[in-house]
Amino acid sequence: MTLHSVLISSQDTLMGTALAQLIGSSAEFTATPTSTFAATALQQELRQATASLVVIVAGNEESKAVELIQELSRQKQPARIIALVNCASSTVAARVYNAGARGVVGSDASPAELFAALREVHEGHLSASRSVLRMVCDFMCASSSDDAPVKLPPSERLSMREHAVVSLLTQGMTNGEIARELFIAEPTVKAHLSRVMTKWKVRDRVQVVIRALEIKLVELPENSIRLDFDGHSVETSMAQQPSNSRFQLNKVPS
């Protein structure tokens, strides 16, 4: 297996070293910590380390981290960037993505979420940890002023099962959790998401969530982990839902 090199830029030396040890403990990645927080010098270190990924630890310096990401993104051969943020504000994730980061991981993320972000970003996709995904959802809902769902062309309309999977995805659920919630196999969840990505012409889970919120396909109740269940919008195929399930699905726009 080819090891992928990761450079970790952190002004907190202990944090950078700990992340390097964690990432380096896998069979997929090697990691090098650095306290460099200037774009030109960091770009040189990326070349020296032959690193394809850089993790920028924002810490309490979110504005500096955003500027650094912007400068790195303007390079002729920009590295794929993952930002580690404190999740202090619903606008942080949006600022970091807009600056050019491909992945955003909250400081409360599990090691599994960090490794998932590394894999997704290395493969060219967007990625977000669970808490960051929630922030993206909150930010987009707060920015939306039109309550009417967008009317989709037939080629982009989802089946009720695809609709349910997307709704749970917007809550930050993993494929395994979605599978348990819907009483289906995890490969079936992956198949549904793959079809949704094809219909909506997007490449990854984050883009699916963003698209779902853009078209008002789902509504996110405040401070809710699950969505309230609306039986009128669910067909017979959803009859296997557990009695304690709580989703609120907008009717599929027709």
> Is Arg161 close to Leu182 at the side-chain level, that is, under 4.5 Å between some pair of heavy atoms?
Replying inline: yes

Counting only N and O atoms by type, is there a donor-acceptor contact under 3.5 Å from the side chain of [X] to the main-chain atoms of [Y]?
| X | Y | answer |
| --- | --- | --- |
| Ser9 | Thr36 | yes |
| Glu162 | Ser159 | yes |
| Ser10 | Val57 | no |

[X] to [Y] - nearest heavy-atom pair and separation:
| X | Y | value |
| --- | --- | --- |
| Leu42 | Val54 | CD2-CG2, 4.3 Å |
| Leu46 | Leu53 | CD2-O, 4.1 Å |
| Gly106 | Leu84 | O-CD1, 3.7 Å |
| Asp204 | Leu126 | OD2-N, 2.7 Å |

> Which residue, Thr174, Thr170, Asn175, forms the side-chain hydrogen bond (donor to acceptor under 3.5 Å, both in side chains) with Arg205?
Replying inline: Asn175

>> Applying the side-chain hydrogen bond (donor to acceptor under 3.5 Å, both in side chains) criterion to Glu156, which one of Arg211, Lys201, Lys151 satisfies it?
In response: Arg211

> How long is the gap from CG on Leu114 to CZ on Arg119, to the nearest 0.5 Å?
Replying inline: 9.5 Å

> What orientation do Phe29 and Phe115 show, parallel under 30°, tilted 30 to 60°, or perpendicular over 60°?
Replying inline: parallel

>> Within a 6.0 Å radius of atom CE on Met197, are there more than 12 heavy atoms belonging to other residues, nucleotides or ligands?
In response: yes

> Can you check side chain to side chain contact (heavy atoms under 4.5 Å, CB included) on Val105 and Val85, steps first, answer last?
Replying inline: CA-CA 6 Å; Val105 176; Val85 301; over 6 Å; no

